[in-house]
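The structure appears below as C-alpha coordinates.
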Amino acid sequence: MQNEAVARLLENIAAALQLKAENIFRIRAYEEAARNIRFLKEDIAENWRQGRLTEVPGIGTSIAQKIGEFLQTGKSAYLQELCDGYPVAFLELLKIPGIGPRRAKLLYDHFHVTKLDDLADLARRQQIRQIRGMGPKTEEQLSRELARLGQRTQRLPLGIAWPLAERIASLLRNSPAVGQAEPAGSIRRRLETIGDIDILVASDRFAEIRKLIADLPLTKEILASGSTKITFLTAEDFQVDIRIVPQESWGAALQYFTGSKEHNVALRELAVQKGYKLSEYGIFEVESGRKVGGRTEAEVYELLGLTPIPPELREKRGEIAAAAAGSLPRLITLADVKGDFHVHSNYSDGNSSIAAMVESAIAHGYQYLAITDHSIGLGIARGINQEKAWRQWEEIRRLNKQYAPFRILSGVELEVRATGELDLSEELLAGFDFICASVHSGTRSDAERITKRMGSALRQHWVHVLNHPGGRLLNQRPPYEYHLDQLLQTAKETGKALEINGSYLRMDLDDSSARKAKEQGVLLSLGSDAHSVAGLDAMQLAVAIARRAWLEPADVLNTLPLAELLQWLEREKL
DNA sequence: GCCGTTTTCGGCCCGACTGTTTTCAGTCG
(Lines give C-alpha, C1' and ligand atoms only; values in the text may rest on other atoms or scores of the structure.)
Protein backbone atom coordinates (compact mmCIF):
# COMPACT_ATOMS: atom_id res chain seq x y z
CA MET A 1 0.00 0.00 0.00
CA GLN A 2 1.71 3.17 -1.17
CA ASN A 3 -1.07 5.63 -0.39
CA GLU A 4 0.94 7.31 2.35
CA ALA A 5 3.99 7.68 0.10
CA VAL A 6 1.90 9.16 -2.70
CA ALA A 7 0.19 11.56 -0.30
CA ARG A 8 3.61 12.71 0.92
CA LEU A 9 4.81 13.22 -2.61
CA LEU A 10 1.87 15.47 -3.37
CA GLU A 11 2.40 17.37 -0.11
CA ASN A 12 6.05 17.89 -1.00
CA ILE A 13 5.05 19.20 -4.38
CA ALA A 14 2.59 21.54 -2.70
CA ALA A 15 5.32 22.75 -0.33
CA ALA A 16 7.77 23.25 -3.19
CA LEU A 17 5.14 25.20 -5.10
CA GLN A 18 4.74 27.42 -2.06
CA LEU A 19 8.43 28.26 -2.17
CA LYS A 20 8.03 29.28 -5.77
CA ALA A 21 5.15 31.51 -4.71
CA GLU A 22 2.99 29.65 -7.17
CA ASN A 23 -0.73 30.16 -7.63
CA ILE A 24 -2.36 29.43 -4.27
CA PHE A 25 -5.12 27.42 -5.91
CA ARG A 26 -2.70 25.13 -7.64
CA ILE A 27 -1.03 24.54 -4.27
CA ARG A 28 -4.39 23.84 -2.69
CA ALA A 29 -5.22 21.37 -5.45
CA TYR A 30 -2.14 19.28 -4.56
CA GLU A 31 -2.92 19.47 -0.85
CA GLU A 32 -6.52 18.48 -1.45
CA ALA A 33 -5.46 15.53 -3.59
CA ALA A 34 -3.03 14.38 -0.87
CA ARG A 35 -5.76 14.61 1.73
CA ASN A 36 -8.19 12.58 -0.34
CA ILE A 37 -5.62 9.86 -0.90
CA ARG A 38 -5.12 9.60 2.85
CA PHE A 39 -8.85 9.01 3.28
CA LEU A 40 -8.90 6.50 0.49
CA LYS A 41 -9.07 2.94 1.77
CA GLU A 42 -8.32 1.32 -1.55
CA ASP A 43 -4.81 0.88 -2.80
CA ILE A 44 -3.99 3.88 -4.97
CA ALA A 45 -1.64 1.73 -7.04
CA GLU A 46 -4.56 -0.54 -7.87
CA ASN A 47 -6.60 2.47 -8.98
CA TRP A 48 -3.73 3.53 -11.16
CA ARG A 49 -3.35 0.11 -12.78
CA GLN A 50 -7.02 0.17 -13.66
CA GLY A 51 -6.72 3.68 -15.10
CA ARG A 52 -9.20 4.99 -12.55
CA LEU A 53 -7.05 7.59 -10.80
CA THR A 54 -9.15 10.53 -11.93
CA GLU A 55 -12.18 9.03 -10.26
CA VAL A 56 -10.62 9.98 -6.94
CA PRO A 57 -11.92 13.43 -5.96
CA GLY A 58 -9.34 16.15 -6.46
CA ILE A 59 -7.26 14.16 -8.95
CA GLY A 60 -7.38 15.32 -12.54
CA THR A 61 -5.22 14.44 -15.50
CA SER A 62 -2.21 16.46 -14.39
CA ILE A 63 -1.94 15.05 -10.87
CA ALA A 64 -2.78 11.58 -12.15
CA GLN A 65 0.17 11.74 -14.49
CA LYS A 66 2.51 12.68 -11.62
CA ILE A 67 1.20 9.86 -9.46
CA GLY A 68 1.66 7.45 -12.34
CA GLU A 69 5.25 8.43 -12.80
CA PHE A 70 5.93 8.09 -9.09
CA LEU A 71 4.36 4.63 -8.88
CA GLN A 72 6.31 3.47 -11.88
CA THR A 73 9.73 4.92 -11.11
CA GLY A 74 9.58 5.78 -7.42
CA LYS A 75 10.56 9.34 -8.33
CA SER A 76 9.04 12.54 -9.58
CA ALA A 77 10.84 14.61 -12.17
CA TYR A 78 8.41 17.43 -11.48
CA LEU A 79 9.31 17.57 -7.77
CA GLN A 80 13.02 17.45 -8.60
CA GLU A 81 12.58 20.27 -11.04
CA LEU A 82 10.65 22.37 -8.53
CA CYS A 83 13.34 21.85 -5.93
CA ASP A 84 16.06 22.74 -8.39
CA GLY A 85 18.74 24.54 -6.42
CA TYR A 86 17.14 23.56 -3.11
CA PRO A 87 17.61 20.20 -1.43
CA VAL A 88 14.31 18.39 -0.92
CA ALA A 89 15.13 18.16 2.81
CA PHE A 90 14.78 21.92 2.90
CA LEU A 91 11.01 21.44 2.83
CA GLU A 92 11.45 20.34 6.48
CA LEU A 93 11.71 23.99 7.45
CA LEU A 94 8.08 24.54 6.55
CA LYS A 95 7.04 22.23 9.35
CA ILE A 96 8.18 24.66 12.01
CA PRO A 97 5.34 26.81 13.29
CA GLY A 98 6.11 30.37 12.32
CA ILE A 99 7.97 29.46 9.17
CA GLY A 100 6.11 29.64 5.92
CA PRO A 101 7.44 29.66 2.38
CA ARG A 102 8.66 33.22 2.49
CA ARG A 103 10.78 32.84 5.61
CA ALA A 104 12.05 29.42 4.58
CA LYS A 105 13.31 30.91 1.36
CA LEU A 106 14.85 33.89 3.16
CA LEU A 107 16.68 31.58 5.55
CA TYR A 108 17.98 29.43 2.74
CA ASP A 109 19.08 32.32 0.57
CA HIS A 110 20.94 33.98 3.44
CA PHE A 111 22.43 31.03 5.24
CA HIS A 112 21.77 27.92 3.16
CA VAL A 113 19.80 26.50 6.05
CA THR A 114 18.53 23.04 5.22
CA LYS A 115 18.39 21.32 8.60
CA LEU A 116 16.66 22.16 11.82
CA ASP A 117 19.99 21.91 13.66
CA ASP A 118 21.47 24.64 11.47
CA LEU A 119 18.58 26.88 12.32
CA ALA A 120 18.90 26.33 16.06
CA ASP A 121 22.56 27.19 15.81
CA LEU A 122 21.88 30.42 13.91
CA ALA A 123 19.27 31.44 16.44
CA ARG A 124 21.71 30.82 19.29
CA ARG A 125 24.27 33.07 17.63
CA GLN A 126 21.59 35.75 17.03
CA GLN A 127 22.15 35.68 13.30
CA ILE A 128 18.54 35.41 12.26
CA ARG A 129 17.73 38.94 13.34
CA GLN A 130 20.18 40.18 10.71
CA ILE A 131 17.69 39.30 8.01
CA ARG A 132 15.54 42.23 7.03
CA GLY A 133 11.95 41.56 8.09
CA MET A 134 12.95 39.23 10.92
CA GLY A 135 13.74 40.74 14.31
CA PRO A 136 14.70 39.55 17.78
CA LYS A 137 11.13 38.53 18.59
CA THR A 138 10.93 36.27 15.58
CA GLU A 139 14.29 34.81 16.45
CA GLU A 140 13.18 34.04 20.01
CA GLN A 141 9.95 32.55 18.79
CA LEU A 142 11.80 30.26 16.42
CA SER A 143 14.15 29.19 19.21
CA ARG A 144 11.18 28.30 21.37
CA GLU A 145 9.46 26.38 18.61
CA LEU A 146 12.63 24.46 17.80
CA ALA A 147 13.07 23.50 21.43
CA ARG A 148 9.45 22.36 21.61
CA LEU A 149 9.74 20.43 18.37
CA GLY A 150 12.57 18.41 19.90
CA GLN A 151 10.54 17.31 22.88
CA ARG A 152 7.10 17.55 21.35
CA THR A 153 4.89 14.81 22.64
CA GLN A 154 2.96 12.94 20.02
CA ARG A 155 -0.64 13.74 19.34
CA LEU A 156 -2.85 12.97 22.30
CA PRO A 157 -5.26 10.07 22.05
CA LEU A 158 -8.87 11.23 22.23
CA GLY A 159 -9.36 9.08 25.33
CA ILE A 160 -6.91 11.32 27.21
CA ALA A 161 -7.73 14.68 25.67
CA TRP A 162 -11.53 14.47 25.85
CA PRO A 163 -11.90 13.97 29.63
CA LEU A 164 -9.23 16.59 30.27
CA ALA A 165 -11.05 19.10 28.06
CA GLU A 166 -14.36 18.37 29.78
CA ARG A 167 -12.70 18.93 33.13
CA ILE A 168 -11.29 22.31 32.09
CA ALA A 169 -14.60 23.35 30.53
CA SER A 170 -16.44 22.42 33.69
CA LEU A 171 -14.00 24.42 35.85
CA LEU A 172 -14.60 27.42 33.59
CA ARG A 173 -18.36 27.01 33.77
CA ASN A 174 -18.17 27.36 37.54
CA SER A 175 -17.13 30.99 37.14
CA PRO A 176 -19.84 33.67 37.15
CA ALA A 177 -17.87 35.39 34.36
CA VAL A 178 -18.54 32.50 31.99
CA GLY A 179 -21.81 32.04 30.14
CA GLN A 180 -21.03 28.82 28.31
CA ALA A 181 -17.90 26.71 27.86
CA GLU A 182 -17.49 23.73 25.53
CA PRO A 183 -14.61 21.74 24.12
CA ALA A 184 -14.45 22.45 20.37
CA GLY A 185 -12.02 21.54 17.60
CA SER A 186 -11.06 17.97 16.92
CA ILE A 187 -12.18 16.84 20.37
CA ARG A 188 -15.73 17.79 19.55
CA ARG A 189 -15.43 16.00 16.22
CA ARG A 190 -14.06 13.01 18.19
CA LEU A 191 -11.00 12.66 16.02
CA GLU A 192 -8.92 9.74 17.26
CA THR A 193 -5.92 11.90 18.17
CA ILE A 194 -5.73 15.55 19.16
CA GLY A 195 -3.06 18.20 18.64
CA ASP A 196 -4.07 21.06 20.91
CA ILE A 197 -7.09 21.17 23.18
CA ASP A 198 -9.57 23.86 22.05
CA ILE A 199 -12.18 25.24 24.41
CA LEU A 200 -14.73 27.87 23.46
CA VAL A 201 -16.04 30.26 26.11
CA ALA A 202 -18.91 32.75 25.90
CA SER A 203 -18.12 35.79 28.00
CA ASP A 204 -17.41 39.50 27.86
CA ARG A 205 -15.29 39.53 30.99
CA PHE A 206 -11.90 38.70 29.57
CA ALA A 207 -9.76 39.84 32.52
CA GLU A 208 -11.58 37.59 34.94
CA ILE A 209 -11.16 34.59 32.68
CA ARG A 210 -7.48 35.26 32.33
CA LYS A 211 -7.08 35.34 36.09
CA LEU A 212 -9.19 32.23 36.47
CA ILE A 213 -6.96 30.30 34.09
CA ALA A 214 -3.78 31.57 35.69
CA ASP A 215 -5.09 30.28 39.03
CA LEU A 216 -6.15 26.82 37.85
CA PRO A 217 -4.12 24.16 39.61
CA LEU A 218 -3.49 22.36 36.32
CA THR A 219 -2.07 25.46 34.61
CA LYS A 220 1.70 25.37 34.30
CA GLU A 221 2.44 28.32 32.07
CA ILE A 222 0.51 30.88 30.04
CA LEU A 223 2.04 31.02 26.58
CA ALA A 224 0.04 33.77 24.94
CA SER A 225 -2.84 36.03 25.78
CA GLY A 226 -4.48 38.15 23.10
CA SER A 227 -7.87 39.82 23.29
CA THR A 228 -9.89 36.77 22.20
CA LYS A 229 -7.55 33.90 22.93
CA ILE A 230 -5.51 32.52 25.81
CA THR A 231 -3.02 29.71 25.26
CA PHE A 232 -1.58 27.78 28.18
CA LEU A 233 0.30 24.61 29.02
CA THR A 234 -0.98 22.09 31.51
CA ALA A 235 1.24 20.37 34.04
CA GLU A 236 1.65 17.49 31.56
CA ASP A 237 2.70 19.93 28.81
CA PHE A 238 -0.52 19.68 26.82
CA GLN A 239 -1.37 22.89 25.01
CA VAL A 240 -4.81 24.36 25.60
CA ASP A 241 -6.33 27.18 23.54
CA ILE A 242 -9.20 29.09 25.13
CA ARG A 243 -11.23 31.22 22.71
CA ILE A 244 -13.54 33.84 24.11
CA VAL A 245 -16.51 35.14 22.15
CA PRO A 246 -19.58 37.23 22.95
CA GLN A 247 -22.73 35.25 23.70
CA GLU A 248 -24.55 36.45 20.58
CA SER A 249 -21.89 34.84 18.38
CA TRP A 250 -21.84 31.54 20.29
CA GLY A 251 -23.36 29.34 17.59
CA ALA A 252 -21.29 30.71 14.72
CA ALA A 253 -18.14 30.57 16.84
CA LEU A 254 -18.80 27.00 18.00
CA GLN A 255 -19.38 26.01 14.39
CA TYR A 256 -16.22 27.75 13.28
CA PHE A 257 -13.94 26.47 16.03
CA THR A 258 -15.23 22.92 15.72
CA GLY A 259 -14.03 22.66 12.12
CA SER A 260 -12.80 20.80 10.29
CA LYS A 261 -11.11 23.43 8.25
CA GLU A 262 -12.16 21.76 5.02
CA HIS A 263 -15.76 21.52 6.17
CA ASN A 264 -15.74 25.21 7.09
CA VAL A 265 -14.29 26.27 3.77
CA ALA A 266 -16.98 24.35 1.94
CA LEU A 267 -19.65 25.89 4.16
CA ARG A 268 -18.38 29.38 3.47
CA GLU A 269 -18.38 28.72 -0.24
CA LEU A 270 -21.96 27.60 0.04
CA ALA A 271 -22.77 30.76 2.01
CA VAL A 272 -21.30 32.91 -0.76
CA GLN A 273 -23.47 31.13 -3.35
CA LYS A 274 -26.51 31.94 -1.30
CA GLY A 275 -25.62 35.61 -0.89
CA TYR A 276 -24.31 35.29 2.66
CA LYS A 277 -21.01 35.79 4.37
CA LEU A 278 -20.17 33.31 7.12
CA SER A 279 -17.58 33.95 9.81
CA GLU A 280 -17.07 33.10 13.46
CA TYR A 281 -19.15 36.16 14.33
CA GLY A 282 -22.27 35.10 12.54
CA ILE A 283 -23.92 34.78 9.20
CA PHE A 284 -24.50 38.04 7.31
CA GLU A 285 -26.37 39.14 4.23
CA VAL A 286 -23.80 40.36 1.74
CA GLU A 287 -26.01 43.04 0.25
CA SER A 288 -27.16 44.74 3.42
CA GLY A 289 -24.36 43.61 5.72
CA ARG A 290 -27.11 42.69 8.16
CA LYS A 291 -26.50 39.88 10.60
CA VAL A 292 -29.14 37.22 10.06
CA GLY A 293 -28.00 34.47 12.41
CA GLY A 294 -25.33 32.92 14.58
CA ARG A 295 -26.72 32.51 18.09
CA THR A 296 -26.93 28.76 17.61
CA GLU A 297 -25.15 26.32 15.37
CA ALA A 298 -28.41 24.92 14.04
CA GLU A 299 -29.34 28.41 12.84
CA VAL A 300 -26.16 28.64 10.78
CA TYR A 301 -26.82 25.32 9.04
CA GLU A 302 -30.49 25.98 8.49
CA LEU A 303 -29.87 29.37 6.88
CA LEU A 304 -27.64 27.57 4.40
CA GLY A 305 -30.44 25.16 3.56
CA LEU A 306 -28.84 22.28 5.47
CA THR A 307 -29.99 19.92 8.15
CA PRO A 308 -27.69 20.55 11.14
CA ILE A 309 -24.66 18.29 10.73
CA PRO A 310 -23.37 16.37 13.76
CA PRO A 311 -19.79 17.42 14.62
CA GLU A 312 -18.41 13.92 14.01
CA LEU A 313 -19.34 14.14 10.31
CA ARG A 314 -17.75 17.52 9.64
CA GLU A 315 -14.80 16.29 7.59
CA LYS A 316 -15.90 17.17 4.08
CA ARG A 317 -16.53 13.55 3.25
CA GLY A 318 -19.96 13.99 1.71
CA GLU A 319 -21.82 15.37 4.73
CA ILE A 320 -22.75 18.69 3.14
CA ALA A 321 -24.41 17.12 0.12
CA ALA A 322 -26.21 14.69 2.42
CA ALA A 323 -27.42 17.52 4.64
CA ALA A 324 -28.64 19.46 1.61
CA ALA A 325 -30.57 16.41 0.42
CA GLY A 326 -31.92 15.74 3.90
CA SER A 327 -30.30 12.31 3.87
CA LEU A 328 -27.90 12.50 6.81
CA PRO A 329 -27.71 9.22 8.72
CA ARG A 330 -29.42 8.86 12.09
CA LEU A 331 -26.14 8.30 13.90
CA ILE A 332 -25.81 5.69 16.59
CA THR A 333 -25.65 7.00 20.18
CA LEU A 334 -24.45 5.49 23.43
CA ALA A 335 -28.09 4.96 24.38
CA ASP A 336 -28.55 2.65 21.36
CA VAL A 337 -25.90 0.25 22.68
CA LYS A 338 -27.56 -2.58 24.57
CA GLY A 339 -24.50 -4.45 25.73
CA ASP A 340 -20.72 -4.78 25.63
CA PHE A 341 -19.10 -7.59 23.63
CA HIS A 342 -15.51 -7.31 24.80
CA VAL A 343 -14.57 -7.29 28.49
CA HIS A 344 -12.07 -9.15 30.64
CA SER A 345 -12.41 -10.38 34.21
CA ASN A 346 -9.98 -11.73 36.76
CA TYR A 347 -10.20 -15.08 34.99
CA SER A 348 -7.52 -13.70 32.69
CA ASP A 349 -5.81 -10.31 32.75
CA GLY A 350 -8.72 -8.21 33.98
CA ASN A 351 -8.65 -6.97 37.56
CA SER A 352 -12.31 -7.19 38.53
CA SER A 353 -14.61 -10.09 39.28
CA ILE A 354 -17.33 -11.06 36.84
CA ALA A 355 -19.96 -9.88 39.34
CA ALA A 356 -18.34 -6.45 39.56
CA MET A 357 -18.22 -6.13 35.78
CA VAL A 358 -21.89 -7.09 35.61
CA GLU A 359 -22.90 -4.51 38.19
CA SER A 360 -21.08 -1.88 36.17
CA ALA A 361 -22.74 -3.05 32.94
CA ILE A 362 -26.15 -2.75 34.60
CA ALA A 363 -25.24 0.74 35.80
CA HIS A 364 -24.39 1.58 32.17
CA GLY A 365 -27.96 0.67 31.22
CA TYR A 366 -27.04 -2.49 29.32
CA GLN A 367 -29.21 -5.58 28.91
CA TYR A 368 -26.33 -8.01 28.42
CA LEU A 369 -22.57 -8.42 28.71
CA ALA A 370 -20.21 -10.87 27.09
CA ILE A 371 -17.31 -11.90 29.34
CA THR A 372 -14.51 -12.49 26.86
CA ASP A 373 -11.37 -13.45 28.71
CA HIS A 374 -8.25 -14.36 26.77
CA SER A 375 -7.82 -17.95 25.73
CA ILE A 376 -4.77 -19.91 26.78
CA GLY A 377 -2.87 -19.01 23.64
CA LEU A 378 -1.97 -15.55 24.84
CA GLY A 379 0.60 -16.71 27.37
CA ILE A 380 1.01 -13.45 29.22
CA ALA A 381 -2.63 -13.19 30.13
CA ARG A 382 -3.08 -16.44 32.12
CA GLY A 383 -5.81 -17.37 29.69
CA ILE A 384 -8.80 -19.64 29.66
CA ASN A 385 -8.19 -23.37 29.34
CA GLN A 386 -10.73 -26.16 29.59
CA GLU A 387 -10.73 -26.32 33.38
CA LYS A 388 -11.05 -22.56 33.77
CA ALA A 389 -13.78 -22.42 31.15
CA TRP A 390 -15.89 -24.94 33.05
CA ARG A 391 -15.40 -23.03 36.28
CA GLN A 392 -16.32 -19.74 34.61
CA TRP A 393 -19.46 -21.17 32.99
CA GLU A 394 -20.57 -22.39 36.38
CA GLU A 395 -20.11 -18.99 37.94
CA ILE A 396 -21.92 -17.29 35.06
CA ARG A 397 -24.87 -19.70 35.40
CA ARG A 398 -25.14 -18.75 39.05
CA LEU A 399 -24.82 -15.00 38.40
CA ASN A 400 -27.40 -15.14 35.60
CA LYS A 401 -29.96 -16.33 38.14
CA GLN A 402 -28.96 -13.62 40.54
CA TYR A 403 -29.03 -10.75 38.02
CA ALA A 404 -31.94 -11.82 35.77
CA PRO A 405 -33.33 -10.48 33.51
CA PHE A 406 -29.85 -9.10 32.81
CA ARG A 407 -27.95 -11.67 30.76
CA ILE A 408 -24.28 -12.59 31.01
CA LEU A 409 -22.91 -14.32 27.92
CA SER A 410 -20.08 -16.73 28.49
CA GLY A 411 -17.47 -15.77 25.99
CA VAL A 412 -13.83 -15.91 25.09
CA GLU A 413 -11.31 -13.84 23.15
CA LEU A 414 -9.55 -16.47 21.09
CA GLU A 415 -6.04 -16.26 19.76
CA VAL A 416 -5.82 -16.59 16.02
CA ARG A 417 -2.66 -18.57 15.41
CA ALA A 418 -0.27 -17.78 12.60
CA THR A 419 -1.82 -20.66 10.70
CA GLY A 420 -5.28 -19.15 11.10
CA GLU A 421 -6.30 -21.91 13.51
CA LEU A 422 -7.91 -21.18 16.85
CA ASP A 423 -6.39 -22.29 20.09
CA LEU A 424 -9.25 -24.12 21.84
CA SER A 425 -10.88 -27.37 20.84
CA GLU A 426 -14.10 -27.49 18.83
CA GLU A 427 -15.93 -29.23 21.69
CA LEU A 428 -15.02 -26.51 24.12
CA LEU A 429 -15.86 -23.72 21.68
CA ALA A 430 -19.33 -25.14 21.22
CA GLY A 431 -20.00 -24.50 24.91
CA PHE A 432 -19.56 -20.72 24.77
CA ASP A 433 -22.38 -18.26 24.06
CA PHE A 434 -20.19 -15.71 22.29
CA ILE A 435 -16.79 -15.91 20.67
CA CYS A 436 -14.49 -13.24 19.37
CA ALA A 437 -11.10 -13.80 17.81
CA SER A 438 -7.98 -11.65 17.83
CA VAL A 439 -4.54 -11.50 16.32
CA HIS A 440 -1.98 -10.45 18.93
CA SER A 441 1.25 -11.68 17.37
CA GLY A 442 3.19 -11.55 14.14
CA THR A 443 1.91 -8.04 13.68
CA ARG A 444 4.55 -7.19 11.13
CA SER A 445 4.07 -10.10 8.77
CA ASP A 446 3.17 -9.24 5.21
CA ALA A 447 -0.24 -8.18 4.00
CA GLU A 448 -1.15 -11.45 2.26
CA ARG A 449 -0.40 -13.54 5.30
CA ILE A 450 -2.12 -11.42 7.89
CA THR A 451 -5.20 -10.86 5.74
CA LYS A 452 -5.46 -14.60 5.17
CA ARG A 453 -4.95 -15.24 8.85
CA MET A 454 -7.79 -12.94 9.89
CA GLY A 455 -9.97 -14.23 7.09
CA SER A 456 -9.59 -17.82 8.17
CA ALA A 457 -10.56 -16.83 11.72
CA LEU A 458 -13.78 -15.36 10.34
CA ARG A 459 -14.47 -18.59 8.49
CA GLN A 460 -14.30 -20.64 11.69
CA HIS A 461 -17.80 -21.75 12.50
CA TRP A 462 -17.88 -20.70 16.16
CA VAL A 463 -16.45 -17.22 15.75
CA HIS A 464 -18.87 -14.28 15.87
CA VAL A 465 -16.59 -11.25 15.78
CA LEU A 466 -13.06 -10.42 14.66
CA ASN A 467 -11.52 -8.03 17.19
CA HIS A 468 -9.46 -4.90 16.46
CA PRO A 469 -8.76 -5.87 12.84
CA GLY A 470 -6.31 -3.03 12.21
CA GLY A 471 -3.96 -4.08 14.99
CA ARG A 472 -2.60 -0.64 15.71
CA LEU A 473 -1.64 0.92 19.03
CA LEU A 474 -1.79 4.70 18.84
CA ASN A 475 1.64 6.31 19.13
CA GLN A 476 3.21 2.89 19.56
CA ARG A 477 2.56 0.64 16.62
CA PRO A 478 1.21 1.30 13.14
CA PRO A 479 -1.72 -0.75 11.84
CA TYR A 480 -1.03 -4.06 10.10
CA GLU A 481 -0.37 -3.98 6.43
CA TYR A 482 -3.51 -5.83 5.40
CA HIS A 483 -6.03 -5.89 2.58
CA LEU A 484 -9.14 -4.27 3.97
CA ASP A 485 -11.18 -5.02 0.86
CA GLN A 486 -10.49 -8.73 1.07
CA LEU A 487 -11.25 -8.84 4.77
CA LEU A 488 -14.54 -7.00 4.23
CA GLN A 489 -15.44 -9.44 1.50
CA THR A 490 -14.85 -12.38 3.83
CA ALA A 491 -16.82 -10.74 6.63
CA LYS A 492 -19.69 -10.15 4.25
CA GLU A 493 -19.69 -13.71 2.92
CA THR A 494 -19.61 -15.23 6.39
CA GLY A 495 -22.03 -12.75 7.97
CA LYS A 496 -19.58 -12.20 10.82
CA ALA A 497 -18.98 -8.85 12.48
CA LEU A 498 -15.85 -6.72 12.69
CA GLU A 499 -15.14 -5.00 15.98
CA ILE A 500 -14.72 -1.33 16.68
CA ASN A 501 -12.55 -1.48 19.77
CA GLY A 502 -12.93 1.52 22.10
CA SER A 503 -9.75 1.07 24.11
CA TYR A 504 -8.16 4.51 23.95
CA LEU A 505 -4.91 3.22 22.47
CA ARG A 506 -6.61 1.07 19.85
CA MET A 507 -9.65 2.90 18.43
CA ASP A 508 -9.72 0.11 15.88
CA LEU A 509 -11.29 -0.31 13.29
CA ASP A 510 -10.63 3.32 12.52
CA ASP A 511 -13.40 5.58 11.24
CA SER A 512 -12.79 5.40 7.51
CA SER A 513 -12.33 1.61 7.51
CA ALA A 514 -15.53 1.22 9.51
CA ARG A 515 -17.35 3.49 7.10
CA LYS A 516 -16.18 1.37 4.23
CA ALA A 517 -17.36 -1.73 6.07
CA LYS A 518 -20.81 -0.22 6.38
CA GLU A 519 -20.87 0.70 2.71
CA GLN A 520 -20.05 -2.90 1.84
CA GLY A 521 -22.84 -4.15 4.06
CA VAL A 522 -20.56 -5.62 6.72
CA LEU A 523 -21.87 -5.89 10.27
CA LEU A 524 -19.94 -4.06 13.02
CA SER A 525 -19.78 -4.67 16.76
CA LEU A 526 -18.66 -2.37 19.55
CA GLY A 527 -16.41 -3.38 22.43
CA SER A 528 -14.80 -1.52 25.33
CA ASP A 529 -12.01 -4.06 25.86
CA ALA A 530 -12.45 -3.23 29.55
CA HIS A 531 -9.95 -4.76 31.97
CA SER A 532 -11.61 -3.17 34.97
CA VAL A 533 -14.95 -1.76 36.05
CA ALA A 534 -13.98 1.74 34.92
CA GLY A 535 -12.88 0.38 31.55
CA LEU A 536 -16.49 -0.09 30.45
CA ASP A 537 -16.63 3.68 29.85
CA ALA A 538 -14.45 3.16 26.77
CA MET A 539 -17.68 2.28 24.94
CA GLN A 540 -17.98 6.05 24.46
CA LEU A 541 -14.88 5.97 22.28
CA ALA A 542 -16.18 3.05 20.25
CA VAL A 543 -19.41 4.97 19.68
CA ALA A 544 -17.36 8.03 18.71
CA ILE A 545 -15.65 6.06 15.94
CA ALA A 546 -18.95 4.53 14.88
CA ARG A 547 -20.46 7.99 14.53
CA ARG A 548 -17.50 9.25 12.54
CA ALA A 549 -18.03 6.20 10.32
CA TRP A 550 -21.64 7.29 9.63
CA LEU A 551 -23.00 4.20 11.40
CA GLU A 552 -26.66 3.89 12.26
CA PRO A 553 -28.02 1.56 14.96
CA ALA A 554 -28.89 -1.11 12.38
CA ASP A 555 -25.25 -1.39 11.33
CA VAL A 556 -24.15 -2.51 14.78
CA LEU A 557 -24.78 -5.94 16.30
CA ASN A 558 -24.94 -4.83 19.91
CA THR A 559 -27.77 -2.41 19.38
CA LEU A 560 -30.04 -5.46 19.24
CA PRO A 561 -32.24 -5.89 22.30
CA LEU A 562 -31.44 -9.05 24.26
CA ALA A 563 -34.18 -11.24 22.77
CA GLU A 564 -33.17 -10.45 19.21
CA LEU A 565 -29.49 -10.90 19.98
CA LEU A 566 -30.20 -14.37 21.39
CA GLN A 567 -32.05 -15.23 18.19
CA TRP A 568 -29.11 -14.03 16.11
CA LEU A 569 -26.70 -16.15 18.17
CA GLU A 570 -29.02 -19.15 17.83
CA ARG A 571 -29.06 -18.81 14.04
CA GLU A 572 -25.28 -18.59 13.97
CA LYS A 573 -25.01 -21.95 15.67
CA LEU A 574 -26.63 -23.77 12.77
C1' DG B 1 -4.78 22.32 -10.90
C1' DC B 2 -9.68 21.02 -10.23
C1' DC B 3 -14.43 21.46 -11.12
C1' DG B 4 -19.57 22.36 -12.80
C1' DT B 5 -28.74 22.34 -10.59
C1' DT B 6 -26.43 29.31 -12.58
C1' DT B 7 -20.12 28.15 -15.27
C1' DT B 8 -15.92 23.52 -19.92
C1' DC B 9 -13.90 29.28 -18.21
C1' DG B 10 -13.63 31.64 -14.23
C1' DG B 11 -14.08 30.86 -10.03
C1' DC B 12 -11.78 28.77 -5.83
C1' DC B 13 -13.39 31.49 2.62
C1' DC B 14 -12.51 34.63 6.25
C1' DG B 15 -10.50 36.74 9.99
C1' DA B 16 -6.88 37.33 13.77
C1' DC B 17 -2.40 37.87 15.40
C1' DT B 18 2.44 39.16 15.30
C1' DG B 19 6.31 41.71 14.39
C1' DT B 20 8.36 45.12 12.20
C1' DT B 21 6.36 48.45 10.18
C1' DT B 22 5.48 53.89 8.94
C1' DT B 23 0.81 51.01 6.11
C1' DC B 24 1.50 45.86 5.82
C1' DA B 25 3.42 41.13 4.91
C1' DG B 26 3.60 36.64 6.63
C1' DT B 27 1.56 32.98 9.03
C1' DC B 28 -2.01 30.41 11.08
C1' DG B 29 -6.34 27.89 11.74
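In what follows, chains are A, B, ... by sequence order, proteins preceding strands, each numbered from 1. Worth knowing before you read on, the calculation uses all heavy atoms, side chains too, and leaves out hydrogens, waters and symmetry mates.
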Between [M] and [N], how far apart are the [atom1] atoms? Round to whole Å, please.
N	M	atom1	answer
B/dC13	B/dC28	C1'	14 Å
B/dT27	B/dT21	P	15 Å
B/dC14	B/dC9	P	26 Å
B/dT6	B/dG1	P	28 Å

Counting only side-chain heavy atoms from C-beta out, which of [options] sits nearest to [X]?
X	options	result
A/P136	B/dC17, B/dG15, B/dT20	B/dT20
A/K277	B/dC13, B/dG15, B/dG1	B/dG15
A/R102	B/dG15, B/dG19, B/dT27	B/dT27
A/E269	B/dC12, B/dG15, B/dG19	B/dC12
A/T228	B/dC14, B/dA16, B/dG1	B/dA16
A/R268	B/dC12, B/dC14, B/dC2	B/dC14
A/R243	B/dG1, B/dG29, B/dC14	B/dG29
A/K137	B/dT27, B/dG15, B/dT20	B/dT20

Hey, does the side chain of [X] come within less than 4.0 Å of [N]'s phosphate (OP1/OP2), counting only N and O?
X	N	answer
A/T138	B/dG19	no
A/Y276	B/dC13	no
A/R26	B/dG1	yes

Touch class at under 4.0 angstrom, heavy-atom based, for A/L267 against every strand present: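 No contact at all - A/L267 keeps every heavy atom at 4.0 Å or more from the nucleic acid.
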
Quick one: does any side-chain atom of A/R314 pair with a main-chain N or O of A/H263 as donor and acceptor, under 3.5 Å?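 Answer holds: no.
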
Judged by atom type as modelled, is there a donor-acceptor pair below 3.5 Å linking the side chain of A/R189 to the main-chain atoms of A/T258?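 Confirmed, A/R189 side chain pairs with A/T258 backbone.
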
B/dG26: pairing nucleotide in any strand, Watson-Crick or G-U under 3.5 angstrom: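 Base partner found: B/dC17.
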
Less than 3.5 Å between a donor and an acceptor, one on the side chain of A/Y256 and one on the base of B/dG29, is that the case here?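 Flag set: donor-acceptor pair detected.
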
Inspect the surroundings of [atom1] in [X] and state if more than 12 heavy atoms from other residues, nucleotides or ligands are less than 6.0 Å away.
X	atom1	result
A/R205	CZ	yes
A/F284	CZ	yes
A/R167	CZ	no

Rounded off to whole Å, could you give me the CD-to-C1' distance for the A/E280 and B/dC28 pair?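 Distance, rounded to whole Å: 13 Å.
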
